[in-house]
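The figures here come from the full heavy-atom set of this structure, side chains too, leaving out hydrogens, waters and symmetry mates.
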Amino acid sequence: PTFTRVLLDTEQVDSRLAILSASIPKFASKVSSLSSDDAKFGDVSGKGCSPLFVAVRFGKAVGMVEGANSPALVELITEQIPELKEEDE
C-alpha cells in the first residue's frame, strides 16, 4: 500500500523514482558498497528477512529505513525525490 500511494500521488513518477528490490544474500556486497556518510548500514548480510530500504542518488546511499516503517519510508522518498522538471513551452 505504501508504494502504491507514492506512485499514485507523485507527479511524473516514472521519470523521478525507481523502486527496486534485491535479495540480500545475493547482493549483500553491492548493497554495502552503496553506504555513505548519509546512510551507513554496515554488514547487511545479517539483516535476514527484515526489510531495508535504501535511497540512492548518483550511485551513493543518501538515506535508509530499516524495517516496515511506512511513515519513515514516505518521508525518505519525499525528501530525496528529484524536483519536477519544468516542461518547455
Side-chain angles (χ1 to χ4, degrees):
T2 301
F3 290 135
T4 301
R5 188 177 73 214
V6 169
L7 294 173
L8 291 173
D9 292 348
T10 304
E11 289 185 59
Q12 299 175 13
V13 70
D14 291 340
S15 63
R16 299 171 63 208
L17 177 68
I19 298 172
L20 310 170
S21 66
S23 170
I24 291 296
K26 292 181 181 179
F27 295 100
S29 64
K30 181 63 177 171
V31 172
S32 292
S33 74
L34 297 171
S35 184
S36 69
D37 290 338
D38 296 320
K40 294 182 181 184
F41 36 85
D43 182 17
V44 297
S45 62
K47 299 289 185 196
C49 61
S50 179
L52 174 68
F53 300 95
V54 180
V56 178
R57 290 189 81 175
F58 308 112
K60 284 293 180 188
V62 293
M64 65 174 226
V65 173
E66 290 189 67
N69 185 339
S70 283
L73 183 57
V74 170
E75 181 178 345
L76 177 63
I77 292 169
T78 302
E79 288 174 357
Q80 297 300 331
I81 195 165
E83 296 291 322
L84 278 171
K85 291 183 179 180
E86 293 184 25
E87 293 184 29
D88 294 333
E89 293 184 27

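Listed here is the closest heavy atom pair of A55 and Q80: CB-CG, 4.2 Å. Between A68 and P51, the shortest heavy-atom contact is N-CG, 4.1 Å. What you find for G67 and F53 is that their closest heavy atoms are O-CE1, 3.5 Å. Counting all heavy atoms, side chain and backbone alike, L76 lies closest to G63 at CD1-CA, 3.8 Å. Of all heavy-atom pairs spanning S70 and T2, the tightest one is OG-OG1, 2.5 Å. The two atoms that bring E11 and R16 nearest to each other are O-NH1, 2.8 Å, heavy atoms only.
Tracing side-chain contacts under 4.5 Å through hydrophobic residues (I, L, V, M, F, W, Y), one reaches L17 starting from L73; they form part of the same cluster. V65 and V56 fall into different hydrophobic clusters, defined by Ile, Leu, Val, Met, Phe, Trp and Tyr side-chain heavy atoms under 4.5 Å apart, directly or through other members.
Heavy atoms from other residues, nucleotides or ligands lying under 6.0 Å from CD of E79 number more than 12.
Looking at heavy atoms from C-beta onward, L7 lies in side-chain contact with I19 at the 4.5 angstrom threshold.
A distance of 4.5 Å separates CD1 of I81 from OG1 of T10, quoted to the nearest 0.5 Å. Residue L34 holds its CG atom at 12.0 Å from CZ of F27, rounded to the nearest 0.5 Å.
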